[in-house]
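What follows is a set of notes on a single structure, which appears directly below.
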Amino acid sequence: MAKVKSAFYCQKCGHETPKWLGKCPSCNEWNTFVEELIQKQIPQVVAFSRSGESAKPQSLEDIEQKEHPRIVLNDKEMNRVLGGGLVYGSLILFGGEPGIGKSTLILQLAVTNPGLKVLYVSGEESDQQIKMRSDRIGVSNKDCFILTETNVQNIFKQAEQVQPQLLVIDSIQTLYSSQIESSPGSISQVRECTAQLLRYAKQSNVPVFLIGHITKEGSLAGPKVLEHMVDTVLQFEGDRNHVYRLLRSIKNRFGSTNELGIYEMLGSGLREVANPSEILISDSDTSLSGVSIAATMEGMRPMLIEVQALVSTAAYGTPQRSSTGFDSKRLNMLLAVMEKRCGFKLGAKDVFLNIAGGIKVDDPAIDLAVVAAVLSSNADISIQKKIALSAEVGLSGEVRPVNRADQRIHEAEKLGFDKIIISKYNKGIDQKNFKIELIQCGTIIEVVKALFA
Ligand code: TYD
Ligand code: MG
């Protein structure tokens, strides 16, 4: 007779206790404990194990670097975010809000890599629905196998048969293991299934993609425990009203986490956006006041983006400040700097700020473009179309240097800009190396002179 045991799990952080508690001692949340049944020691059903071999320790010197450690996918954005391709035997958690396009992107990966045998396990949609989606993407592939199943043990049985080179689970919250009695989606099930998939990935050397939902609070796949277990955590984000989707890596054992992939959602699937600057800058011919262009970096990639500001006299007593895609505290700070250090009277003005394209930027190099857009709207004088800006602004109104200035300058030059305003404190920047005219400023006052004089 198998022993049935139950435990209480915090649904937020996965903390386990034998008794119910009102407050989680680990994450300090209230009312998050739920009782879950755990049935241990079922003799018949075994978790995945390849013919029971056990690993032996070996000297670091003797471990050989595999010849092809990565599968290079037919998707440059995904390859870059993963750090150069899909590592054999890695477990990747792929999260995002519902409807953002997770299933679409992964199905697209599964069908657009000829010769790569993929087992796509869906616990959410029927095979008909998946077929419809692949028709929409417009690619079919005989090496892509669809399985609608939610039991992990059955999935492993099928995987043994199919011998895929990539396993996809859509989604981890729908899986259950018969070794545990609590319902699918509960902490103990999600954790157990992930642990078994991790073992499968490591022992069979097959990379596994786990699609995960984002919780109300915006954290990935609910419990933080999952993020510790997997090798890579990717997040798919974007504004549902915009067509652009950003792919970020939050954790990556095989690459850097500051890479960014950009896709455009079309009627026929997701399109890779190779040159983001072109889509993020509107190409209207008339120059408008309140618009400036910032040369920013997302990860290792320079990107030119458009900053739009609107300054108007406050209609009510308290002026409003609102920003989309840019930190509003930082905006308030920049407004205070303009007021105090440069004498612009913005205290009684409403200020609205928007980063075009629905993206969020936290690169400090955008500061100067924000200042320029606000001043341009305030004075109602447009900034010349072919000027880009790239510098941080300090509390005393000084224009501060930014990292990788040369890459930003080259990007602006490549996109046909005539001038770029940077800090005069950037080291090693020489006009001789660039065709674009460099305007090097030390304070906001100098920038204002350069822009509006
Ligand atoms: P989906 O991949 O199902 O999202 P998720 O798995 O993250 O929940 O895609 C959701 C949306 O994408 C859906 O509202 C329809 C839209 N879509 C397109 O615009 N073009 C397409 O080619 C496809 C397949 C979906
Ligand atoms: Mg989906």
Side-chain angles (χ1 to χ4, degrees), residues 73-78 81-82 91-113 118-141 144-150 152 155 166-176 184-185 189-190 193-194 197 207-222 226-227 230 232-250 260-274 279 357-360:
L73 300 164
N74 229 336
D75 180 334
K76 290 201 190 70
E77 302 294 301
M78 180 63 97
V81 174
L82 288 172
L91 186 61
I92 300 153
L93 179 62
F94 183 55
E97 282 175 31
I100 203 82
K102 301 181 294 299
S103 307
T104 307
L105 181 62
I106 301 294
L107 184 67
Q108 211 168 307
L109 273 190
V111 294
T112 51
N113 287 283
V118 183
L119 180 59
Y120 187 104
V121 182
S122 179
E124 301 203 327
E125 288 161 311
S126 68
D127 37 11
Q128 286 301 317
Q129 280 172 303
I130 298 170
K131 178 73 184 162
M132 252 162 62
R133 177 171 296 144
S134 88
D135 285 347
R136 210 170 155 184
I137 297 170
V139 191
S140 192
N141 188 340
C144 177
F145 294 84
I146 308 293
L147 172 68
T148 44
E149 175 62 77
T150 51
V152 247
I155 293 171
L166 170 65
L167 177 66
V168 175
I169 306 289
D170 188 0
S171 67
I172 183 67
Q173 276 97 349
T174 57
L175 289 199
Y176 75 96
Q189 278 292 6
V190 166
C193 295
T194 308
L197 286 161
V208 179
F209 261 106
L210 300 179
I211 297 182
H213 295 295
I214 263 182
T215 59
K216 290 197 289 294
E217 293 83 26
S219 67
L220 234 161
L226 280 195
E227 295 188 15
V230 301
T232 302
V233 180
L234 300 183
Q235 189 156 322
F236 209 35
E237 50 193 55
D239 188 330
R240 240 182 292 174
N241 301 321
H242 283 91
V243 290
Y244 299 112
R245 300 283 181 271
L246 306 184
L247 179 69
R248 277 179 208 283
S249 91
I250 298 174
L260 179 81
I262 303 184
Y263 294 89
E264 185 181 5
M265 181 62 104
L266 303 173
S268 56
L270 289 151
R271 183 183 73 90
E272 295 165 45
V273 175
I279 56 161
I359 64 165
K360 284 197 192 71

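Numbering of ligands and ligand atoms starts at 1, following listing order. Just so we're clear, the structure is a prediction, and the values are computed from it rather than from any experiment.
For the pair L266 and ligand 1, a heavy-atom separation below 4.0 Å is found. Ligand 1 is approached by I100 to a heavy-atom distance shorter than 4.0 Å.
At a heavy-atom distance under 4.0 Å, atoms from both the backbone and the side chain of S103 approach ligand 1. Contacts with ligand 1 closer than 4.0 Å are made by heavy atoms of both the backbone and the side chain of K102.
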| task | Quick one: do F94 and L247 satisfy side chain to side chain contact (heavy atoms under 4.5 Å, CB included)? Show the steps, please. | result | CA-CA 10 Å; F94 183 55; L247 179 69; 3.3 Å; yes
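The side chain to side chain donor-acceptor pair (under 3.5 Å) test with R271 singles out one residue from E77, Q108, E264, and that residue is E264. Across N74, D75, I262, a single residue satisfies side-chain contact (heavy atoms from CB on, under 4.5 Å) together with E272, and that is D75.
Ligand-side atoms of ligand 1 in range of G269: 20 (N), 21 (C), 22 (O), range being under 4.0 angstrom from any heavy atom. Every atom of ligand 1 with a heavy atom of S268 under 4.0 Å away is listed here by number and element: 22 (O). Numbered from 1 in the order shown, with element, the atoms of ligand 1 that lie under 4.0 Å from a heavy atom of P98 read 8 (O). Within ligand 1, counting atoms from 1 as listed, the ones closer than 4.0 Å to a heavy atom of M265 are 12 (O), 16 (C), 17 (N), 18 (C), 19 (O), 20 (N).
The Mg ion (ligand 2) has S103 among its coordinating residues (N/O/S atom, backbone or side chain, under 2.8 Å).
By the 3.5 Å distance cut-off applied to N or O atoms, I137 is not counted among the residues near ligand 1.
Remark: minimum distance from atom 15 (C) of ligand 1 to any protein heavy atom is reached at R136 NH1, 4.0 Å. For atom 4 (O) of ligand 1, the closest non-hydrogen atom on the protein side is G101 N, 3.2 Å.
Under the 4.0 Å distance rule, the nearest protein heavy atom to atom 13 (C) of ligand 1 falls outside the cut-off.
The CG atom of N141 sits 8.5 Å away from the OG1 atom of T112 when rounded to the nearest 0.5 Å.
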